[in-house]
Chemist: 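For reference, the structure I am asking about is given below.
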Amino acid sequence: MTKKGTRSRFELWLSASQNAMIMLLPLTFIRVALSVVMNLPWAYWPDTWGPLWDVPWSLVATKLDATLSVIMGLGVALCVGNRLHLTLQRVENSWLTPILVQLLCLVNFLIGLMFLDVSLKHSLGQSLLLGILTGIITVEALQLHVRLMPRALHIVGLDGSMLFRHAFHQLGPAAFTCVISTMAIAFLSELGKGFTLLLQMLIKTDIIRLCGAHVLNLLTIIVNQLLWFVGMHGGILVETFGSTLMAKPGVLFDANLASGNFINAFAYMGGSGATFGLVLAIAMVCKDQQLRRLSKYSALPAVFNINEILVFGLPIIFSPIMVIPFLLAPLASALIAMAAHATGWLEFSGHEVKWSTPIFISGYIMSGGFAGVIAQLAGLLASTAVYLPFVRRLEAVRRKSQSEALSKDMDQLCYAQFEHRRVLQRFDTLGDFARSLHADFETALGTTQVFQTYQPKHDTHGRVCGVEALLRWTHPVYGPIMPAAIVNVAEESYLINRIGNWSLETACAALQHWKSHGVQNIIMSVNLSPMQLEDRSFVAFVQQCLERFGLSPSELELEITEGRVLAPSMQADAMLRQLSALGVHLSMDDFGMGFSSLLYMQRFSMSAIKIDGSLSHDVMTNEVSSDIIRTIGILGRKQGVRVVAEFVETLEQRDKLAELGCDEFQGYFYSPAISSEAFLTYWRKYNETYRLHMI
């Protein structure tokens, strides 16, 4: 593997690990709630509730916490393994099913539990790290099998059950993966034990002890932060392996050793990383609603110095952006408090507090006055200042990533064909995006976010002869959304009927407003999805709109889009006949490129056909496009229907299209889509010009 390929694979591992942490947020919330209840800073809590089935409540909570730690580690293994497998899977190994990968991750995780340090058996950090390693090793072992034994990938013959053949051919990869994974986990476990022994030997040396309290406090913070950054519970590991360098639990500040009480109260304000400063920084500068929501949910646990929601949900772990402030913020807070203590301004003459005691309360109790409160406030402001520029950068990176993902998904929704696959029923990122888009638009419809613009149409003499009503949506986060994406998604649900009715009603109201200000002899075109023809109440709604706004049926034109195939159904045929009988014009949109355009003309009485925009756009450079448009023009004249060209951008293009037989023109040469009020000014301008020209 090349250096670039190795880096790409490493980035994929990190991305999969971070995504897994975010996926586990529901379990993280449960565990955080449990931690808050278990560690409330009051004496004899929560055993004061009394025994539960002759077992102390705290013991039940402790066992539940340990169980959740193992479950979260297993969840990480499954999420990481599934993400990596789906990303790395190729066509030739597509028969290696996701369920096989998940089962192998489960088996390898259980094997890995046997290698964990007994004293840390139920540690969340060790369980999460094991889960990450298990997911990565399992998938990489499968990929190794694919590269080493390519012939074993081919399933030959059609005899027997396909399910049986798949299961039989997965025996080899499964056995290979289990063996390789066990060896890798055992090797990493021995490395970990060796590192632990080296750390314990280093701790026992006099050199470390000679560093003094200030250096030991800072060193403890750095080690704790680095361990948390890779997903391990730094506090537990520091207490387990570094106890000889730590002062006794009741000591507030030791002159020679690191003091747990001091570090908890004046460095870890909000949890490891001084994350209360991060909560404030996000609230101050972030516009990203997801980050703000995460910060809001993290605020209450942070009061009790519990920060797993931010560490795993942001996530901070494995984040190259957040590693620097995660280290610097608690160091800055601790340095301020140590400087205040060294100058004699801050004295620790109070009492010991539990690590979960809220900020300011802990400072007041430990210092016996407001000096501790002021020191904590200064540390909090410093940590917030440290986080601010990195939060801005994180938001910018997230915005860029979301924009790229949005552009990719939007293109797929706009241009992919979904006749044979329903995007709302997909369980990939595109399906998630489509469902979110659908929900957001359904909420926005009827608000100022969703509105309609109108693009004028001109005839060969330059007169304004009509307008097309066009849907617009400005998303509060992503900005303008392409209408084709909305329609393609909405056509899979009842939402397309709501959009169609809203669009028709809004257009009729606009036309009535224009007529009251003198606008005459124009036709309002409204897009009609073929899916709307399955709504039996649509014709009645059209008639109701015409009557309500005092419009003639001849002033309304329904443009049938070809985004979805108009199936030959009795319901659709009956609806179109009823609309024709009502006197409403029918137009065929995007004519000339869809396979069913001519069939539509044969089945229904059309008053206009609109040439596909790609043909109009290429008419000056592509002879084939010119010939197609000429043929459509001849067809239009023989059938007595108007031929409309869109995407008209230059005078030469307009003249060329007129020469080929087009009757009406729509595009930026005349005007982009404009608001209802702007159209009044536009119509008066061109109407006056047309009248002078005719004179």
Chemist: So V70 and F109, do their side chains get closer than 4.5 Å, heavy atoms only?
Modeler: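 SC-SC contact between F109 and V70 confirmed.
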Chemist: Is a donor on one side and an acceptor on the other found under 3.5 Å between the side chain of S181 and the backbone of C178?
Modeler: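 It does not hold such a pair.
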Chemist: Taking atom CZ of F29 as the centre, does the number of heavy atoms from other residues, nucleotides or ligands within less than 6.0 Å exceed 12?
Modeler: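 Correct, the count exceeds 12.
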Chemist: Do V251 and F262 pass the side-chain contact (heavy atoms from CB on, under 4.5 Å) test, and can you show the C-alpha distance, the side-chain angles, and the key distance before you say yes or no?
Modeler: CA-CA 9 Å; V251 177; F262 169 79; over 6 Å; no
Chemist: Test your reading of the model: is there a side-chain donor-acceptor pair from T138 to the backbone of G135, 3.5 Å cut-off?
Modeler: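 No: the side chain of T138 does not pair with the backbone of G135.
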Chemist: Using the side chain to side chain contact (heavy atoms under 4.5 Å, CB included) rule, pick out the option among V373, V303, L380 that qualifies with I359.
Modeler: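 The passing option is L380.
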Chemist: Any side-chain heavy atom of R399 sitting closer than 4.5 Å to one from D288?
Modeler: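 Sidechains of D288 and R399: no contact.
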Chemist: Determine yes or no for a side-chain-to-main-chain donor-acceptor pair under 3.5 angstrom, with E352 supplying the side chain and N261 the backbone.
Modeler: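 Between the backbone of N261 and the side chain of E352 there is no qualifying donor-acceptor contact (under 3.5 Å).
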Chemist: Please report the C-alpha distance between F266 and F348 in whole Å, then the side-chain angles of each, then the deciding distance to 0.1 Å, and finally whether the ring-ring contact (aromatic ring centres under 6.0 Å, His included) criterion is met.
Modeler: CA-CA 12 Å; F266 292 92; F348 297 105; 5.6 Å; yes
Chemist: Could you check whether any side-chain N or O of S356 sits under 3.5 Å from a backbone N or O of F304, counting only pairs where one atom can act as donor and the other as acceptor?
Modeler: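 No, S356 side chain to F304 backbone: no donor-acceptor pair under 3.5 Å.
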Chemist: Looking only at the side chains, is there a donor atom on one of Q376 and S362 sitting less than 3.5 Å from an acceptor on the other?
Modeler: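 Yes, because at least one side-chain N or O of Q376 sits under 3.5 Å from a partner of the opposite role on S362.
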Chemist: Any chance the side chains of D440 and Y478 put a donor and an acceptor closer than 3.5 Å?
Modeler: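 D440 vs Y478: no donor-acceptor pair found between side chains.
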Chemist: Pick from L218, L328, N217: which one makes a side chain to side chain contact (heavy atoms under 4.5 Å, CB included) with L335?
Modeler: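 Exactly one option meets the side chain to side chain contact (heavy atoms under 4.5 Å, CB included) with L335, and it is L218.
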Chemist: Are S35 and D65 side-chain neighbours, meaning at least one heavy-atom pair lies under 4.5 Å?
Modeler: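 Side chain of S35 against side chain of D65, heavy atoms only: contact under 4.5 Å found.
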Chemist: Just wondering, do L327 and L226 contact through their side chains at under 4.5 Å, heavy atoms?
Modeler: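 Counting from C-beta outward, L226 and L327 do come under 4.5 Å.
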Chemist: Side chain of S333, backbone of G379: donor and acceptor closer than 3.5 Å?
Modeler: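 Judged by distance alone, yes, a pair lies under 3.5 Å.
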Chemist: Taking the side chain from N307 and the backbone from S272, do they hold a donor-acceptor pair closer than 3.5 Å?
Modeler: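 Present.
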Chemist: Would you check if V36 and I306 make a side-chain contact, meaning some heavy-atom pair closer than 4.5 Å?
Modeler: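 Contact flag for V36/I306 side chains = yes.
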Chemist: Around E347, counting heavy atoms of other residues, nucleotides and ligands shown, do more than 12 lie under 6.0 Å from its CD?
Modeler: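 Counting neighbours around CD of E347, 12 or fewer heavy atoms of other residues, nucleotides or ligands fall under 6.0 Å, so no.
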Chemist: Report the C-alpha separation of L12 and L88 in whole Å, then their side-chain angles, then the decisive distance to 0.1 Å, and conclude whether the side-chain contact (heavy atoms from CB on, under 4.5 Å) test is met.
Modeler: CA-CA 10 Å; L12 178 60; L88 298 175; 3.7 Å; yes
Chemist: Look only at the side chain of S295 and the backbone of L291, and say whether a donor-acceptor pair between them is shorter than 3.5 Å.
Modeler: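 Side chain of S295 to backbone of L291, a donor-acceptor pair under 3.5 Å: no, none is there.
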Chemist: Any side-chain heavy-atom pair from E140 and L144 closer than 4.5 angstrom?
Modeler: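 A side-chain contact under 4.5 Å is absent here.
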Chemist: Salt-bridged, K408 to E404, with N to O below 4.0 Å?
Modeler: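 Salt bridge flag = no for E404 with K408.
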Chemist: Count the heavy atoms belonging to other residues, nucleotides or ligands that lie under 6.0 Å from CZ of R292, then report whether that count exceeds 12.
Modeler: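 More than 12 within 6.0 Å, yes.
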Chemist: Do I317 and S17 have side chains that get closer than 4.5 Å, going by heavy atoms?
Modeler: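 Counting from C-beta outward, I317 and S17 never come under 4.5 Å.
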Chemist: For a 4.5 angstrom cut-off between non-hydrogen side-chain atoms, does M72 reach E308?
Modeler: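 Result no, sub-4.5 Å side-chain heavy-atom pair not found.
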Chemist: Would you check if there is a donor-acceptor pair between the side chains of T134 and N108 at a distance under 3.5 Å?
Modeler: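 Not at all, the side chains of N108 and T134 share no donor-acceptor pair under 3.5 Å.
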